[in-house]
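Data first, discussion second: the structure below is written as structure tokens.
In the text below, chain A, chain B and the rest are named by the order of the sequence lines, each starting its count at 1. What you see is a predicted model, and the numbers here were worked out from it, not measured in a lab.
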Protein chains: 2
Amino acid sequence: MNIRTLCLGILSLQEASGYEIKKEIEEGVFNHFIDASYGSIYPALTQLNAEGLLSVRSEEQLGRPDKKVYAITEEGKTVLAKGLSVVPARDKYKSEFLFVMLLQHLLSKQDIGRAMGKQHADLMEDLARIENCNGENCSDEMSNLPGAAFVAGYGRTVLRAAADYLEQCQPELKKQTFKAAE
Amino acid sequence: MNIRTLCLGILSLQEASGYEIKKEIEEGVFNHFIDASYGSIYPALTQLNAEGLLSVRSEEQLGRPDKKVYAITEEGKTVLAKGLSVVPARDKYKSEFLFVMLLQHLLSKQDIGRAMGKQHADLMEDLARIENCNGENCSDEMSNLPGAAFVAGYGRTVLRAAADYLEQCQPELKKQTFKAAE
DNA sequence: TTTGGCATATATCAGCTTGTTATATACCAT
DNA sequence: ATGGTATATAACAAGCTGATATATGCCAAA
């Protein structure tokens with residue numbers, strides 16, 4: 001599955017501009033398991049539009065470039081369904097943190113403590129975002145989907161397990177929980 | 001942190017060829033949190049050697065290209081230490097599985113079941129590899145490192161939490177545990 | 001027995017992705 | 001006024017993946 005399918009998937013829920021898709025990926029339910037940059041989103045939208053899988057509408061803006069709002073076409077929906085039904089690729093997880101921890105004998109205690117603290121703070125941030133998207137403060141189309149609860153639950157479980165493990169190894173981290181989750 | 005630091009890190013533990021580094025990443029302790037392809041490893045080794053951070057020794061092979069065994073130099077060790085002490089980048093996690101599950105309303109029950117089964121099997125495979133690398137059947141330099149227990153524990157915790165979550169959502173998966181872990 | 005698949009070993013490259021920069025403007029806080 | 005944040009698109013160097021090419025030996029299946 002590639003960015004094309006990703007864009008089609010998001011646009012099957014609500015029409016959006018490239019900027020809004022990026023924002024949705026960064027701040028929405030997707031946050032903890034999807035990444036995409038402008039450099040891949042904009043070309044993908046242009047291409048999908050050229051192929052008739054999307055339609056565009058230009059919205060004029062004050063002092064900004066026109067907003068190009070994309071919507072999925074019937075043909076786009078067909079292609080999306082086909083793209084989703086192939087067995088998904090294996091999850092990819094990359095962690096510099098774990099690499100550094102494996103080679104911890106080459107580092108000072110300070111460096112290790114800093115890495116642990118950063119990792120814990122990152123996990124807390126991701127956890128907070130998941131809870132945020134589920135609450136009332138999020139009028140997100142995504143969070144009302146039938147699959148949203150499952151996905152949020154998966155993320156919550158995994159992130160919480162990782163945070164618990166770190167806190168167990170270094171109990172001082174528990175104090176920072178409140179600060180980081182705010 | 002980039003492939004350069006990754007190669008230096010592995011070579012700080014044992015000298016190896018590009019092929020062996022790839023194998024180590026695929027089958028060793030790294031497996032669940034590091035990825036790297038030949039297309040990045042070979043150029044990195046050539047470059048690091050040109051910069052004097054590695055030394056090479058050619059081993060003749062029967063009916064195969066010469067094996068180029070790389071070893072880290074003193075200068076390489078210095079550069080590695082510097083590379084490791086910068087605060088590690090945030091973990092990256094990409095999951096087509098979760099994306100598909102979020103859009104499950106567009107799929108058949110069969111497709112969803114297949115995706116769940118695949119995800120569960122993948123998790124079991126990763127878990128089995130972690131236990132394998134810790135046992136006696138693994139004469140791996142990596143698994144004797146002071147940091148190895150922490151890293152294996154982190155992986156075990158997170159993967160087990162994910163598998164438990166899936167099994168809780170779809171209890172039929174528990175039966176497959178044995179098959180997949182074999 | 002021969003055919004195909006797997007393991008060893010390096011190298012290359014198209015194509016995709018990231019991360020950054022450029023462009024343009026408004027608004028808010030310092 | 002100066003800098004940061006937010007909206008919006010575009011483009012590009014640099015990096016990485018996944019596939020392919022090359023060459024050979026070994027083992028199992030047909």
Look at all strands and tell whether B:G18 reaches a base, only sugar-phosphate, or nothing, counting heavy atoms closer than 4.0 Å. sugar-phosphate
How would you label the contact of B:K22 with the nucleic acid (heavy atoms, under 4.0 Å): base, sugar-phosphate, or nothing? nothing
Presence of [X] side-chain N/O under 4.0 Å of [N] phosphate oxygens OP1/OP2:
X     : N      : result
B:Y19 : C:dT10 : no
B:Y42 : C:dA11 : no
B:S17 : C:dT10 : yes
A:K23 : D:dA8  : no
B:S40 : D:dT17 : yes
B:K68 : C:dA11 : yes

Do the charged groups of [X] and [Y] touch, with an N to O distance under 4.0 Å?
X      : Y      : answer
B:K174 : B:E172 : no
B:R4   : B:E51  : yes
A:E27  : A:K22  : no

Residue closer to the 5' end of DNA chain D, A:V69 versus A:K94 (nearest nucleotide): A:V69
For DNA chain D, whose closest nucleotide is more 5', that of A:Y38 or that of B:A36? A:Y38
Side chains of B:D111 and B:Q104, donor plus acceptor under 3.5 Å: no
Residue B:N2, side-chain heavy atoms: nucleotide from D:dC16, C:dA9, C:dT17 that is nearest: D:dC16
Winner on side-chain proximity to B:D35, out of C:dT17, D:dT17, C:dG19, is D:dT17
